[in-house]
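Structure record follows, encoded as structure tokens.
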Amino acid sequence: MTALKKFISGDDAVAEAVRLVSPDVIAAYPITPQTVVVERLSEMVEDGSLKSEFMHVESEHSALSACIGASAIGARTFTATSSQGLLYMAECLPYASGGRFPIVMMNGNRSVALPWSIYGDHRDSLSQLDSGWIQIYVEDAQESLDMTIQSFAIAEHQDILTPVMINLDGFLLTHTYELVTIPEKDIVDSWLKPLENKLAMDFDNPKNMAFSSQPSDNTEFKYQQHIAVENSREKIIEIEKSFAKVFGRSYGGLAEGYLYEDADFIIITLGSVTGTCRSVIRDLRSEGVKAGLIKIRFMRPFPVKEIIEYTKNAKAIAVLDRDISFGYEGAVFTNVNSALSRNNNISLKMNYIAGLGGRDISKDSIREIFKELKEGLIKKPSKTVKFLNLNVETDDNINEEKDNIPQHKSEGVLLWS
Amino acid sequence: MVRLALKVLGERTITVVPAGCMSAVGFIYPQLCFSNNAIISTFPGTASMLSGIAAAVKAKGHKDVHVLGIAGDGGTADIGLQALSGAIDRGDKIIYICYDNEAYMNTGIQKSSLTPFGAKTTTTPAGENIRGTLTSKKNMFEIVAAHDIAYAATASIGYVQDFINKVYKASLVEGPSYIHVFAPCPTGWGIKTDETFEIAKEVVDSGLWYLAEYENGEFFLNKNPKEFTPVENYLRKQNRFKHLHDEDIEQIINARDSKWERMRRQWNNK
């Protein structure tokens with residue numbers, strides 16, 4: 001196999017994967033930081049290297065609505081969005097999954113307004129965790145390409161028939177250039193079979209689709225949908241194994257464990273921050289600290305078994321959430337905690353809210369987290385949920401020292417001013 | 001109206017209907033009313049779904065297929081207007097029929113932007129202070145025509161042959177086409193079911209609705225009555241207009257006359 005190597009961004013890598021997969025219909029609306037995907041695909045259609053129907057839709061709602069229509073008659077479909085765009089198409093998300101339309105969508109993870117921010121966090125996609133889509137989070141550009149190709153195999157698997165959302169961290173991944181191996185098209189063509197959807201419309205045997213259901217039937221439809229996603233776990237792993245056999249790369253199934261076997265302290269991540277954590281863990285290991293990592297690759301279906309297995313020897317864990325469910329905790333932490341309710345050996349479970357609106361998560365901060373886990377085993381922290389590197393004083397401090405209210409350097413309105 | 005359109009277009013038609021009366025009544029599993037391929041769209045998504053289907057029909061190489069959307073006035077002129085505009089702009093081969101019963105009827109008679117001046121709805125009640133709807137009907141036909149669409153027409157279910165002819169004409173168009181059909185709702189308008197046809201005819205005869213076409217960049221009047229039947233007769237038959245004062249009716253007549261003055265001056269007769 002003579003694969004091509006190119007120095008490209010995460011967005012480019014997704015576009016290259018889409019070219020290899022050749023959907024029948026692509027409908028997408030531009031939004032930062034996904035725009036490059038739409039531009040590249042348009043160029044590929046123009047130069048004839050991509051034979052898809054490219055639809056210039058007037059909104060994200062229409063992008064997904066058009067994909068649902070195209071998918072209904074058996075077409076392979078792709079769309080891409082981010083943040084506000086994902087929220088604007090939100091009505092169509094459960095529509096696509098409820099109708100079992102095997103659409104693939106790339107989402108460039110970006111914060112949601114207000115305040116406006118074009119920079120990354122996971123609040124957009126995690127807010128749609130219950131929309132019925134399979135959710136993948138990737139770490140680098142190569143994984144973006146490989147998982148975009150695999151997304152079609154997952155979504156279109158006749159036992160799964162569930163749309164897949166592949167998430168790339170805005171800018172950190174969408175706009176960072178890396179060396180990416182691009183497989184040959186004929187090899188992708190022979191690995192990814194053409195879509196033959198038994199549920200699609202048929203002129204010889206017409207179907208009425210996307211219907212209403214009565215209370216007597218609705219639960220059964222939802223149950224089938226749930227079972228399809230629940231049972232997709234094994235198939236996702238099989239698909240990855242088969243991909244690895246042909247293309248030589250694999251990423252660890254639903255969740256990857258890294259130096260976890262003997263780890264006392266484990267950090268749990270989604271997406272691009274995983275790379276930073278790996279580097280810190282290697283440093284800590286050389287200093288004799290038994291640090292480890294779990295990279296969650298699929299938020300749905302959730303890797304329950306893997307998380308229990310990989311943490312079975314851990315004393316303390318920290319979940320890094322680029323997300324916050326106001327009034328509670330990060331959504332990833334909630335999910336991890338729910339899985340770990342069956343593992344009583346872990347003395348300390350901490351949730352770090354970090355990287356909101358594109359704030360860097362530094363190696364020093366990660367080190368600090370591991371330090372706090374270690375200290376926390378001796379003296380339990382008063383709070384489970386901590387905002388990493390908070391620039392304003394915490395509520396606790398304010399209550400303690402009312403006279404020493406810090407002056408925030410921006411002109412934003414502070415609640416206590 | 002749906003039956004007639006499908007008779008013209010045939011079995012290889014894919015029908016899209018949004019949330020509304022038709023989908024609420026005829027599209028409940030396992031009792032599904034269309035014998036052709038059909039799908040419910042989201043409320044704002046009739047035209048975008050049509051567009052996606054049209055793109056997929058092209059990509060899959062299906063021949064002799066019609067892609068037909070049938071949406072109400074709210075689904076077309078309000079929540080679905082953006083998607084409709086986008087689909088027309090893209091030039092997709094779709095047929096879009098708006099059945100205009102002048103309010104959100106499925107949810108129980110609320111004002112839409114196609115509810116005419118004076119009409120009483122549950123969100124524009126007629127009381128001592130406000131006499132029903134204060135705004136006039138959005139001009140969907142000309143809004144669609146302003147996209148320079150390949151074919152657009154108005155119709156009424158009171159003039160069945162004219163409607164059938166227009167559906168047939170739309171089926172021959174290579175790009176998008178739009179037919180705006182006047183379709184009374186007995187419940188919402190306070191008329192008897194067997195008066196539907198008569199009211200749909202009378203609205204045209206009284207000049208409150210018109211039969212027209214837009215093609216090759218020009219407007220055509222299909223019917224240009226020398227004399228209109230009395231507007232008052234049309235309005236007084238319907239409960240939704242019962243509360244109107246004489247000056248309200250005069251205002252409706254004046255609006256009608258100025259519209260016809262403009263149409264007669266600018267549009268061609270056919």
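In this text, all values refer to a predicted model and were calculated from it rather than measured experimentally. Residue numbers begin at 1 in each chain, while the letters A, B, ... track the order of the sequences.
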Heavy-atom distances under 4.5 Å only: say whether A:Glu58 touches chain B with side chain, backbone, both or neither. both
Of the backbone (N, CA, C, O) and the side chain (C-beta and beyond), which part of B:Leu50 lies under 4.5 Å from a heavy atom of chain A, both, or neither? neither
Would you please say whether a donor-acceptor pair under 3.5 Å links the side chains of B:Lys166 and B:Ser177? no
Chain B contact via A:Asp217 - which portion, at a heavy-atom distance below 4.5 Å: side chain
At a heavy-atom separation under 4.5 Å, does B:Val16 approach chain A through its side chain, its backbone, both, or neither? neither
Can you confirm if the aromatic rings of A:Tyr88 and A:Tyr29 lie within a centre distance of less than 6.0 Å? no
Tell me whether B:Lys60 at atom NZ has more than 12 heavy atoms from other residues, nucleotides or ligands lying less than 6.0 Å away. yes
Quick check on B:Ser51 against chain A: is it the side chain, the backbone, both or neither that has a heavy atom closer than 4.5 Å? both
Between chain A and each of B:Thr15, B:Leu32, B:Ile40, count heavy-atom pairs under 4.5 Å; write down the option with the most. B:Ile40
Report which part of A:Phe54 has an atom under 4.5 Å of a heavy atom belonging to chain B: side chain, backbone, both, or neither. neither
Under a 4.5 Å heavy-atom cut-off, does chain B meet the side chain of A:Tyr95, its backbone, both or neither? side chain
Among A:Ser62, A:Ala27, A:Ser216, single out the residue with the greatest number of heavy-atom pairs under 4.5 Å to chain B. A:Ser62
Checking heavy atoms, do the side chain of A:Ala72, its backbone, both or neither come under 4.5 Å from chain B? side chain
For B:Thr46, is it the side chain, the backbone, both or neither that has a heavy atom under 4.5 Å from a heavy atom of chain A? neither
Decide if the gap between the ring center of A:Phe211 and the ring center of B:Phe34 is smaller than 6.0 angstrom. no
Looking only at side chains, do A:Gln128 and A:Asp124 share a donor and an acceptor under 3.5 Å apart? no
Going by the side chain to side chain contact (heavy atoms under 4.5 Å, CB included) test, name the single residue among A:Ile134, A:Val14, A:Ile166 that passes it with A:Ser151. A:Ile166
Less than 4.5 Å to any heavy atom of chain B: does that hold for the side chain of A:Val25, its backbone, both, or neither? side chain
Is B:Arg90 close to chain A through its backbone or its side chain, or both, or neither, when contacts mean heavy atoms under 4.5 Å? side chain
Could you check, using the six-membered ring where one of them is a Trp, whether A:Phe203 and B:His62 have ring centers closer than 6.0 angstrom? yes
Do B:Asp194 and B:Lys192 meet the salt-bridge criterion of a basic N to acidic O distance under 4.0 Å? no
So which residue, A:Gln214, A:Met209, A:Met55, ends up with the most heavy-atom pairs under 4.5 Å with chain B? A:Met209
Select, from A:Arg76, A:Glu91, A:Lys51, the one with the greatest count of heavy-atom pairs under 4.5 Å involving chain B. A:Glu91
Return the minimal non-hydrogen interatomic distance between B:Asn36 and B:Thr13, and the atom names on each side. ND2-O, 2.9 Å
More than 12 heavy atoms from other groups under 6.0 Å of CD on B:Gln31: no
